[in-house]
Participant: 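Mind having a look at this structure? Questions to follow.
In what follows, chains are A, B, ... by sequence order, proteins preceding strands, each numbered from 1. Small disclaimer: the values here were computed from a predicted structure and weren't measured.
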Amino acid sequence: MKSHVENLVHQAIADLALVASGDDSPDPQVERTRDARHGDFTTNIALRLAKPLGRKPRELAEAIIAALPASSQISHVEVAGPGFINFTLSDLASRAQIAEILERGHAYGCSELGAGKRVLLEFVSANPTGPLHVGHGRHAAYGATLGNLLSATGHEVHREYYVNDAGRQMEILAISVWIRYLQALGVEVALPSNGYRGEYVREIAETLSAAYGERFVVSKEAFETGLPADAPEGDKETYVDAVVSQARQLLGEDDFREVFDQGLDAVLDDIRDDLESFGVSFDRWYSERSLTTQGTIDAALQRLRARERLYVNEGATWFRASDYGDEKDRVVIRENGVKTYFASDIAYHHEKRGRGYDLLLDVLGADHHGYIARVRAGLEAMGEPGDCLEVRLVQFVTLYRGGEKAQMSTRSGEFVTLRQLREEVGNDAARLFYVMRSNDQHLDFDLELAKSSSNDNPVYYIQYAHARVCSVMHQLEERGWHWDQAAGLAALELLVEPQPQALMRTLARYPEVIELAAVNRAPQTLVFYLRELANDFHTWYNAQPFLVDDAGLRNARLSLCVAARQVICSGLTLLGVSAPERM
RNA sequence: GCCCCGGUAGCUCAGGGGAUAGAGCAUCCGCCUCCUAAGCGGAGGGUCGCAGGUUCGAAUCCUGCCCGGGGCACCA
């Protein structure tokens with residue numbers, strides 16, 4: 001509908017030959033009005049053309065209106081304010097929208113905006129060193145909803161979780177598991193102060209001993225021989241690294257890998273299960289380790305070397321990131337020969353491009369912002385366009401219980417897990433609360449509010465509108481009536497009161513909301529819209545009975561009801577929130 | 001010091017060049033013999049952090065400053 005109005009304006013301007021030659025012709029810029037008194041759509045074209053043409057805005061607006069082609073969709077056009085041109089849609093147009101909603105169902109609101117565009121959406125990608133916490137939950141909800149919005153607007157979306165299954169943190173998890181295992185079998189060794197001390201580590205250790213018996217047991221003496229002091233006397237980093245190499249030594253590389261993988265698989269299974277239960281799924285879990293085994297990292301470094309973007313300094317190999325807008329050059333191979341995380345990351349991103357994706361869309365924590373410039377630099381240095389990488393940062397989450405901060409118990413150092421949150425407030429509330437705020441806004445997540453079944457809670461408010469329609473349809477059957485869709489659509493002109501009119505107007509806006517939310521990567525736009533839609537419905541519900549004796553009027557009202565239910569359901573589905581039939 | 005995000009109603013936040021700046025909660029006043037009151041209507045409440053600038057027009061764009069959060073590794 002919006003594009004229809006745009007076309008009309010465009011034609012009028014062309015007919016008037018208003019666009020000064022050589023000038024950059026301003027787009028029509030047609031927008032929804034904020035105020036119903038200004039009609040449905042407005043354009044500021046006359047205001048913007050007034051100066052270059054040296055004419056008065058209002059006079060210009062009149063001329064444009066006179067040149068507008070006739071349209072059955074538009075009932076009224078007028079000049080308003082300083083020179084806006086306001087369009088009011090005809091009743092025919094809004095009635096046609098209702099028919100379209102009923103016809104297209106879940107497809108209503110979908111578009112081909114992103115047709116042909118292949119997007120690789122990477123999100124969550126939390127290190128598999130422990131269960132997901134509430135911060136990851138926000139990433140999951142935001143990323144999943146973004147994926148849905150992009151799909152709905154015609155993009156081809158591939159969802160990927162990058163699994164950090166290599167590296168030091170994972171080694172620390174491995175030795176933490178091993179030590180819990182030893183402890184369980186009576187070897188009294190201590191967990192490093194830097195080790196992972198969550199309960200899940202003990203559980204993995206139990207599985208380990210159940211599966212392997214005493215195969216990995218060593219004596220306390222052998223374990224402690226030659227180890228430096230842990231904190232507070234010694235350095236905790238040095239200590240934990242020493243324990244890792246001790247483990248490698250005592251167990252041998254194969255057995256160490258066995259313990260390591262046991263920890264990795266257990267945590268990863270837990271994460272997969274957690275996300276799956278949260279309605280968040282991925283097309284691929286991409287192993288970081290595979291970058292090494294497949295030679296992807298070496299290939300990427302070779303490519304950089306061939307392009308003379310690497311140099312050696314003080315034993316380390318550096319990438320000339322500063323040539324590509326980064327603050328400084330970055331190390332890709334350390335003095336000790338180990339490739340940095342950055343090396344695998346640019347290799348990974350380059351590999352994504354190799355798989356044919358136009359856009360690499362990363363959802364990262366706000367603390368990763370310093371990272372964007374260097375990954376982009378890496379891509380550019382390998383010959384990729386810098387704008388093929390888009391990063392959306394997600395700010396932190398703070399939990400509240402009522403007015404009190406409930407973040408984490410600092411003593412155990414354990415964060416509240418996503419699973420605990422889901423169990424406490426439910427998936428629906430969690431999904432909606434997570435995306436209710438702009439991603440670059442800190443999120444205060446109030447557990448009490450999310451749990452309350454009251455009108456304070458936006459989840460119930462929106463779902464309730466859906467359930468109410470279902471309930472009405474139920475009542476209809478009980479009274480021995482049936483909804484005749486065709487008759488209802490034919491009688492829509494009977495819905496002249498302001499409440500159903502407002503509802504129709506809001507329903508017609510849905511496709512634009514989806515586009516806006518997708519383009520701006522802003523799911524909260526959809527949440528706010530659904531709240532407004534639910535409000536329009538509740539208002540109407542309170543103002544008029546639907547199940548009236550007059551069959552024509554009844555069918556008309558029910559048609560609008562069902563259309564509203566459809567859009568609420570579609571919107572909630574995109575958000576990953578259920579649309580219950582009764583509450 | 002440099003970089004990113006935020007500062008809008010008492011609180012939590014939308015809006016991110018246009019018309020009288022919005023919503024929810026909180027406060028106050030109303031509405032169930034009627035399809036779910038998990039609902040609806042109304043009222044009060046704002047120098048859009050501060051100061052300049054660009055523009056016909058700035059909460060929105062630019063510059064500077066103030067306040068809050070985060071980031072600036074041969075860690076992952």
Participant: Would you call A:H369 stacked on B:rG70, i.e. ring centres under 5.5 Å apart with the planes less than 30° off parallel?
Facilitator: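 No.
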Participant: Reckon A:R34 has a side-chain N or O less than 4.0 Å from the OP1 or OP2 of B:rA19?
Facilitator: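 Answer yes for this pair, as a side-chain N or O of A:R34 is under 4.0 Å from OP1 or OP2.
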Participant: Can you find an N or O donor on one side and an acceptor on the other, under 3.5 Å apart, linking the side chain of A:S438 with the base of B:rA14?
Facilitator: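 Absent.
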Participant: Over how many whole Å does the gap from A:F528 atom CZ to B:rU12 atom P extend?
Facilitator: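 Whole-Å distance recorded here is 14 Å.
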Participant: Please name the residue in the list A:L173, A:L268, A:D265 that meets the side chain to side chain contact (heavy atoms under 4.5 Å, CB included) test with A:P128.
Facilitator: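 The single option meeting the side chain to side chain contact (heavy atoms under 4.5 Å, CB included) with A:P128 is A:L268.
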Participant: Quickly work out the A:N44 CG to B:rA19 P distance and round it to whole Å.
Facilitator: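 Between P of B:rA19 and CG of A:N44: 11 Å.
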Participant: B:rC67 and B:rU27: how far apart are their C1' atoms, nearest whole angstrom?
Facilitator: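 Taking atom C1' in both B:rC67 and B:rU27, they lie 29 Å apart.
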Participant: For B:rC66 and B:rA9, measure between their P atoms and round to the nearest Å.
Facilitator: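 Each nucleotide's P atom is 23 Å from the other's.
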Participant: If the P atom of B:rG17 is compared with that of B:rC61, how far apart are they to the nearest Å?
Facilitator: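 Straight-line distance between the two P atoms is 6 Å.
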Participant: Will you find, in the side chains of A:Q169 and A:Y196, an N or O donor that is under 3.5 Å from an N or O acceptor?
Facilitator: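 Checked: A:Q169/A:Y196 side chains pair up, N/O donor to acceptor below 3.5 Å.
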Participant: Mind listing the N/O atom pairs, protein and nucleotides 5-7 of chain B, below 3.5 Å?
Facilitator:
residue	atom	partner	partner atom	Å
B:rC5	O2'	A:D440	O	2.5
B:rG6	O2'	A:Q441	OE1	3.4

Participant: Please determine, for the side chain of A:Q524, which listed nucleotide (B:rA19, B:rG15, B:rA23) has the closest atom?
Facilitator: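 Of the options given, the side chain of A:Q524 lies nearest B:rG15.
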Participant: Respond yes when some side-chain nitrogen or oxygen of A:Y461 is under 4.0 Å from OP1 or OP2 of B:rC40, and no when none is.
Facilitator: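 Answer is yes, contact under 4.0 Å.
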Participant: Return yes if a side-chain donor-acceptor contact under 3.5 Å exists between A:D428 and A:Y460, otherwise no.
Facilitator: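 Their side chains do not contain a donor-acceptor pair, so the 3.5 Å distance test is not met.
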Participant: So if I apply the side chain to side chain contact (heavy atoms under 4.5 Å, CB included) rule between A:I271 and each of A:V163, A:V124, A:N127, A:L132, which one comes out positive?
Facilitator: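 Of all the options given, the one that passes is A:L132.
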Participant: Sort out the partner of B:rU63 for me: Watson-Crick or G-U wobble, both distances under 3.5 Å, none otherwise.
Facilitator: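 Because both required distances fall under 3.5 Å, B:rU63 counts as paired with B:rA51.
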Participant: How close or far is atom C1' of B:rA76 from atom CD1 of A:I346, stated in whole angstroms?
Facilitator: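 Spelled out: CD1 on A:I346 to C1' on B:rA76 is 16 Å.
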Participant: Considering only the C1' atoms, how many Å lie between B:rC25 and B:rG57, rounded to the nearest integer?
Facilitator: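 About 34 Å, rounded to a whole number of Å.
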Participant: For A:F342 and A:F319, take the angle between the two ring planes, folded into 0 to 90°, and tell me which bin it lands in: parallel under 30, tilted 30 to 60, perpendicular over 60.
Facilitator: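 Tilted: the ring planes of A:F342 and A:F319 meet at 30° to 60°.
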Participant: Please give the nucleotide sitting opposite B:rA19 as a Watson-Crick or G-U wobble pair, both distances under 3.5 Å, or none.
Facilitator: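 Pairing partner: none.
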Participant: For A:L443 and B:rG68, give me the distance from atom CG to atom C1', rounded to whole Å.
Facilitator: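 Result: 17 Å.
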Participant: Validate the cation-pi geometry between A:R392 and A:Y142: distance from NZ or CZ to the six-membered ring centre under 6.0 Å, angle to the ring axis within 45°.
Facilitator: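 Judged by the rule, A:R392 and A:Y142 form no cation-pi pair.
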Participant: Looking only at atom P, what distance separates B:rC29 and B:rG6, rounded to whole Å?
Facilitator: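 Per the computed distance, 39 Å lies between those P atoms.
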Participant: My understanding is that a pair needs two contacts under 3.5 Å, Watson-Crick or G-U wobble. By that rule, which nucleotide pairs with B:rC28?
Facilitator: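 Pairing partner: B:rG42.
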Participant: What is the distance from CZ of A:F342 to C1' of B:rC72, rounded to the nearest Å?
Facilitator: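 Result: 15 Å.
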Participant: Roughly how far apart, to the nearest Å, are B:rG42 and B:rC35 at atom C1'?
Facilitator: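 Those two atoms are separated by 25 Å.
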Participant: Please determine if a side-chain N or O atom of A:Q499 lies less than 4.0 Å away from the OP1 or OP2 oxygen of B:rC40.
Facilitator: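 False: A:Q499 side-chain N/O out of range (4.0 Å or more) of B:rC40 OP1/OP2.
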Participant: Both A:G81 and A:N336 contact RNA chain B. Which one's nearest nucleotide lies toward the 5' end?
Facilitator: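 It is A:G81 whose nearest nucleotide is closer to the 5' end.
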Participant: Respond yes when some side-chain nitrogen or oxygen of A:N542 is under 4.0 Å from OP1 or OP2 of B:rA37, and no when none is.
Facilitator: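 No, A:N542 has no side-chain N/O under 4.0 Å of OP1/OP2 on B:rA37.
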Participant: Would you say the side-chain atoms of A:R565 pair up with the backbone N or O of A:V469, donor to acceptor, closer than 3.5 Å?
Facilitator: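 Checking the backbone N and O of A:V469 against the side chain of A:R565, no donor-acceptor pair under 3.5 Å is found.
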